[in-house]
Number of protein chains: 2
Amino acid sequence: MVDVAREAGVALRTVSRVVNDDATVGAELVERVRSAIAALDYRPDERARHLRLGVTGTLGAAVRQLSHVNPVLRAVERAARAAGLMVLAASTEDDEKIERHVVESMCRRRFDGILLEPIGADHGYLVPELAAGLSLVAVDRPVLGLEVDCVLSDNVAGIETAFAHLVAHGHRRIAYIGDDERIYTAQERATAFRACLRAQGGAADAMIHTGPIQRERIHHALESALSGPDPATAVITGNATLSVETVRWFRDHADDVAIVGFDDSELATLLRPDLTVVAQDDAAIGDTAITMLRTRIADPATPVRKVTVPVTLQARGSGETPPKRT
Amino acid sequence: MVDVAREAGVALRTVSRVVNDDATVGAELVERVRSAIAALDYRPDERARHLRLGVTGTLGAAVRQLSHVNPVLRAVERAARAAGLMVLAASTEDDEKIERHVVESMCRRRFDGILLEPIGADHGYLVPELAAGLSLVAVDRPVLGLEVDCVLSDNVAGIETAFAHLVAHGHRRIAYIGDDERIYTAQERATAFRACLRAQGGAADAMIHTGPIQRERIHHALESALSGPDPATAVITGNATLSVETVRWFRDHADDVAIVGFDDSELATLLRPDLTVVAQDDAAIGDTAITMLRTRIADPATPVRKVTVPVTLQARGSGETPPKRT
DNA sequence: CTGAAAGCGCTAACAG
DNA sequence: CTGTTAGCGCTTTCAG
């Protein structure tokens with residue numbers, strides 16, 4: 001920059017102003033500076049700028065897996081761009097160690113704020129960061145044990161809606177195929193399903209199958225739920241991957257079981273009949289997350305908020321078939 | 001950091017050494033410094049460090065859409081992590097303006113190198129960056145008009161393989177449903193398909209349908225390819241989205257047309273019969289891209305390389321059905 | 001509008 | 001092994 005100033009024969013200060021589009025510079029000088037910039041191939045260094053300014057205009061997004069479908073992240077990027085902020089994202093790979101590494105790296109780089117899809121139970125490493133002023137918003141799951149802003153889908157209402165929908169279509173024996181309950185959302189959804197069963201008067205732990213996402217495990221669970229003296233006539237699946245595996249199994253083993261999936265996806269309208277799902281409002285989640293984060297950055301003293309975003313049932317056919325046997 | 005030094009009663013230099021795990025510091029001092037760090041909640045500032053060091057240990061990935069399935073990005077993150085580098089990613093949204101903004105932001109932040117899935121035709125904005133020493137590797141498509149490292153899939157061989165496969169299974173009238181030919185890969189694949197048609201002696205522009213990814217357009221193209229006096233008995237689809245739309249249409253309109261898709265996906269084994277695809281070697285692409293980028297960063301004088309990664313045909317059923325009518 | 005100078009937080013000479 | 005000091009590239013007082 002000092003070179004540019006010399007080349008243009010102006011003060012450093014003036015170059016800085018031109019670069020930052022300060023209006024108080026004479027048109028002729030602007031021109032001189034601009035051509036000096038072009039002649040010298042000058043490119044401003046944000047590191048120094050940010051160091052001096054204190055802020056970086058950068059938001060970090062630490063998500064489970066960048067390369068997975070993640071409509072929330074899409075909404076986040078859009079909202080941030082509209083606010084003139086840059087979002088830089090990295091994967092945590094569902095690994096506590098990597099999550100910690102990613103978040104701490106973002107902190108050391110002094111990102112203005114971080115969006116986190118928290119994984120694992122131990123977020124103790126966040127305590128000093130938060131104490132030092134980190135602005136953080138948890139998305140999809142809360143940071144357990146810490147008072148941190150978060151925005152979640154209404155998992156309980158989603159399960160209740162799915163359950164009620166199937167009941168309304170005549171089903172009485174409804175099974176649930178869920179993810180590993182060590183995962184927060186999986187735990188919430190499974191618990192909500194258990195409550196539905198109890199409210200209905202049904203007991204039957206045979207109706208609820210949760211565990212890791214492995215094809216074998218899932219198919220085995222379906223087999224057991226749909227056989228025996230009292231087989232289920234409908235299934236609720238706990239997330240998009242489970243829906244896929246369930247449909248995959250149905251394809252070869254059953255064609256008369258109703259299914260309602262949690263999470264909408266491109267697949268939903270590829271199947272026959274189209275998949276009825278409980279859809280999360282990704283755009284609302286993303287917008288809310290960015291708004292909350294910006295609010296916290298602007299005023300770190302803002303009280304912690306937990307926002308729950310409603311879900312909606314998309315009836316498409318698979319959840320409206322009647323039970324095959326009463 | 002100066003506070004830490006004061007608190008620990010040591011020199012600034014010593015704190016710096018402790019923070020950077022320099023072995024040449026006495027154990028007792030290390031201890032004093034560490035407790036001062038803890039007491040003061042000191043967190044190192046990478047901005048200053050990077051400014052001083054010149055390098056940032058950061059790679060940027062400017063991809064079309066973060067929140068889409070992108071196995072290459074996954075491989076990239078893994079390879080970079082193994083090399084002790086951080087990958088920060090952002091979407092270009094298939095928009096030239098956004099691509100430019102993202103890449104220039106990364107340059108101003110002095111990322112050590114950038115991985116780019118280039119969109120659009122005008123990459124002139126890269127010229128000064130490259131002149132100023134930017135290390136860049138293009139993935140999936142080349143940067144047209146600029147001599148830049150790139151790693152691509154073997155699109156031509158992929159189409160030839162798919163075509164030959166269908167021919168080997170008795171098909172003579174093969175249609176191609178492709179993406180907008182303004183996109184490099186779409187153009188390459190469509191051209192390769194035309195060459196196959198010519199080599200086979202077949203003419204028939206009625207057999208090749210390219211254009212934007214819109215459900216209407218695609219279904220209409222299928223309709224026209226599969227009707228008339230000389231309907232196609234097999235279809236090659238130009239990418240994963242087109243495969244999905246084609247299957248969606250087949251579901252309601254045809255069940256005896258062979259199909260081979262470009263790009264593997266989770267969907268491929270969900271369909272009946274399972275989808276035969278030409279699969280790209282995502283891991284190899286990601287690894288190669290990171291290796292090339294690191295090589296260029298280490299020595300900017302490295303000659304420009306263009307690497308083509310082989311593709312493989314995954315026969316799963318949909319591409320092995322015989323033609324319905326001869 | 002310009003010029004000089006301080007300082008953001010860190011690292012790396014260079015001396016002790 | 002430790003302390004002092006300069007400087008990375010930028011913004012911003014403060015006087016002209």
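As the structure is a prediction and not an experimental result, all values here were calculated from the model. Below, read A as the first sequence line, B as the second, and so on, with proteins coming before strands; counting in each chain starts at 1. Heavy atoms only: backbone and side chains are in, while hydrogens, waters and symmetry mates are out.
A:Glu93 has a carboxylate O that lies under 4.0 Å from a charged side-chain N of B:Arg81, or vice versa, which qualifies the two as a salt bridge.
In this structure, A:Val10 reaches the sugar-phosphate backbone alone: every heavy-atom distance under 4.0 Å involves primed, P, OP1 or OP2 atoms, never a base. Within 4.0 Å (heavy atoms only), B:Leu53 reaches sugar-phosphate atoms of the nucleic acid but no base atom. No contact: B:Val2 has no heavy atom under 4.0 Å from any strand. Counting any heavy atom pair closer than 4.0 Å across all strands shown, A:Arg47 reaches no nucleic acid atom. The residue B:Gly54 sits apart from the nucleic acid: no heavy atom pair falls under 4.0 Å. Residue A:Arg13 is in base contact, counting any heavy-atom pair closer than 4.0 Å across all strands shown.
Taking 4.0 angstrom as the limit, A:Ser16 places a side-chain polar atom (N or O) nearer than this to OP1 or OP2 of D:dT11. Contact between the side-chain N/O atoms of A:Thr14 and the OP1/OP2 oxygens of C:dT2 is found at a separation under 4.0 Å.
Distance from the side chain of B:Asp45 is smallest for C:dG9 among the nucleotides C:dG9, D:dC10, C:dT11. Nearest to the side chain of B:Arg49, among C:dT2, D:dT11, C:dT11, sits C:dT11. Among C:dC10, D:dT11, D:dG9, the nucleotide with an atom closest to any side-chain atom of B:Ala48 is C:dC10.
In this structure, B:Leu12 places its CG atom 14 Å from C1' of C:dA13, rounding to the nearest Å. When rounded to the nearest whole Å, the span between CZ of A:Arg108 and P of C:dG9 equals 17 Å. For the pair B:Leu51 CG and D:dC10 P, the interatomic distance rounds to 9 Å; values are reported in whole Å. Rounded to whole angstrom, the span from the CZ atom of A:Arg52 across to the C1' atom of C:dG9 amounts to 12 Å. The interatomic distance linking A:Asn20 (CG) with D:dC10 (P) rounds to 10 Å, in whole Å. Rounded to whole Å, atom C1' of D:dG9 lies 13 Å from atom CZ of A:Arg43.
Few gaps surround CZ on A:Arg305; more than 12 heavy atoms of other groups in view lie less than 6.0 Å from it.
Heavy atoms only, all atoms of each residue included: A:Ser91 and A:Gln65 are closest at OG-OE1, 3.5 Å. The two residues B:Arg296 and B:Thr302 come nearest to each other via the heavy atoms NH2-O, 2.7 Å.
B:Asn70 places a side-chain N or O within donor-acceptor distance of the main-chain N or O of B:Leu73, the cut-off being under 3.5 Å.
Of the two residues contacting DNA chain C, namely B:Glu46 and A:Ala11, the nearest-nucleotide position lying further toward the 5' end is that of A:Ala11.
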